[in-house]
Amino acid sequence: MTDGGHRYVAPGSVAEALRVQEKLRPLADLAGPGPTAPATVAGLDVAYAESGDRLAAAVTVLDARTLAVVDSAVSVGRPAFGYVPGLFAFRELPGLLDALDRLTVRPDLLVCDGHGLAHPRRFGLACHLGVVTGLPAIGVGKTPLVGEWDEPGPRRGAWTPLRDGGDVVGRVLRTRDGVKPVFVSVGHRMSLGNAVDRVLALTPRYRLPETTRAADRLCRDALASAST
DNA sequence: GCGACAG
DNA sequence: ATCTTGTCGC
């Protein structure tokens, strides 16, 4: 339940996808500050069939305080675009928007599995999803796409700036003691500091946000069920 | 020209 | 992303 049918149309070429990013980029609000005490937070993730011709996109909405799942939706379909680093959003956006439309509650924040500002043209999946839905959004990547950084301290909460081309595009954040850090960046209507705080609030036990973990489980299960 | 390259 | 064995640790 974001705003009704998005009727998303995938670009037919790399050139067209680049033009779409160029057009949407200025619409992103990279300042925020965004909600510091959201009631609900959504996690989004996609699972692919080994054949690569089918995918399941899932959105799970968690109570931000208890981290209990209060709503969820899945969409099974075909990848909408080839896998091109930097144009990743075009591949997963249709399925994710479809799943978002099936929710019965409108989440206060979207936590995306991928980057936001930390993107070669400063418009990753989290920015794209935020702009299209109008919802505050942040990106939490497991591996880097762009930028340089120093290793953050070993304890949970330690972070270092992620820099690219003279810009601070995100933060490398340690969410658990002694565990590999994650890459946090702003997507839409959120400040970087608030994004980091929200991620820490979502990682009381594991490296990845509970939102992402819940969505990951859901889309994997949906993919398995759909093939049986 | 040669690598790197979110999921 | 997905394919994969064993292995270390709580």
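What you are looking at is a predicted structure, and each value in this text was computed from that prediction instead of being measured. A, B, ... follow the sequence lines: proteins, then strands. Residue 1 opens every chain. Note: hydrogens, waters and symmetry copies are ignored here, and every other heavy atom, side chains too, is used.
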Can you measure A/Arg91 atom CZ to C/dT2 atom C1' for me and round it to whole angstrom units? 12 Å
Quick one: is A/Thr143 getting a side-chain N or O under 4.0 Å of the B/dC5 phosphate, OP1 or OP2? no
Taking the basic N atoms (NZ, or NE/NH1/NH2) and the acidic carboxylate oxygens, is any pair closer than 4.0 Å for A/Glu151 and A/Arg174? yes
Rounded to whole Å, the CG-P distance (A/Asp216 to B/dA6) equals 17 Å
For residues A/Leu109 and A/Val196: do they belong to one hydrophobic cluster (side chain heavy atoms under 4.5 Å, members Ile, Leu, Val, Met, Phe, Trp, Tyr)? yes
Rounded interatomic separation in angstrom, taking CZ from A/Arg220 and P from B/dG7: 13 Å
Look at the rings of A/Phe81 and A/Phe90 and say which category their plane angle falls in: under 30° parallel, 30 to 60° tilted, over 60° perpendicular. tilted
What integer distance in Å separates A/Asp113:CG from C/dT2:C1'? 14 Å
Compute both the distance and the angle, then confirm whether A/Arg176 meets the cation-pi test with A/Tyr206: under 6.0 Å from the six-membered ring centre, within 45 degrees of the axis. no
Mind checking if A/Ala118 touches a base, just sugar-phosphate, or nothing, with heavy atoms under 4.0 Å? nothing
Kindly confirm whether the side-chain ring of A/Tyr83 is stacked on the base of C/dA1, judged by centres under 5.5 Å and planes under 30°. no
What is the distance from CG of A/Leu223 to P of C/dT2, rounded to the nearest Å? 8 Å
Counting side-chain heavy atoms from C-beta on, which of B/dG7, B/dC5, C/dT2 comes nearest to A/Leu145? B/dC5
Which part of the nucleic acid, if any, lies within reach of A/Pro120 when heavy atoms closer than 4.0 Å are counted: base, sugar-phosphate only, or nothing? nothing
Under 4.0 Å between a side-chain N or O of A/Lys142 and OP1 or OP2 of B/dG7? yes
Here the distance between atom P of B/dA6 and atom CZ of A/Phe90, to the nearest Å, is 16 Å
Measure from the side-chain N and O atoms of A/Asp177 to the backbone N and O of A/Arg156, and report whether any donor-acceptor pair falls under 3.5 Å. yes
Roughly how many Å is it from CG in A/Asp164 to P in B/dA6, rounded to a whole number? 14 Å
If you look at every strand shown and take non-hydrogen atoms under 4.0 Å, does A/Gly86 touch a base, only sugar-phosphate, or nothing? base
To the nearest Å, give me how far apart CG (A/Asp53) and P (C/dT2) are. 14 Å
Please classify the nucleic acid contact of A/Leu44 as base, sugar-phosphate, or nothing, using heavy-atom distances under 4.0 Å. nothing
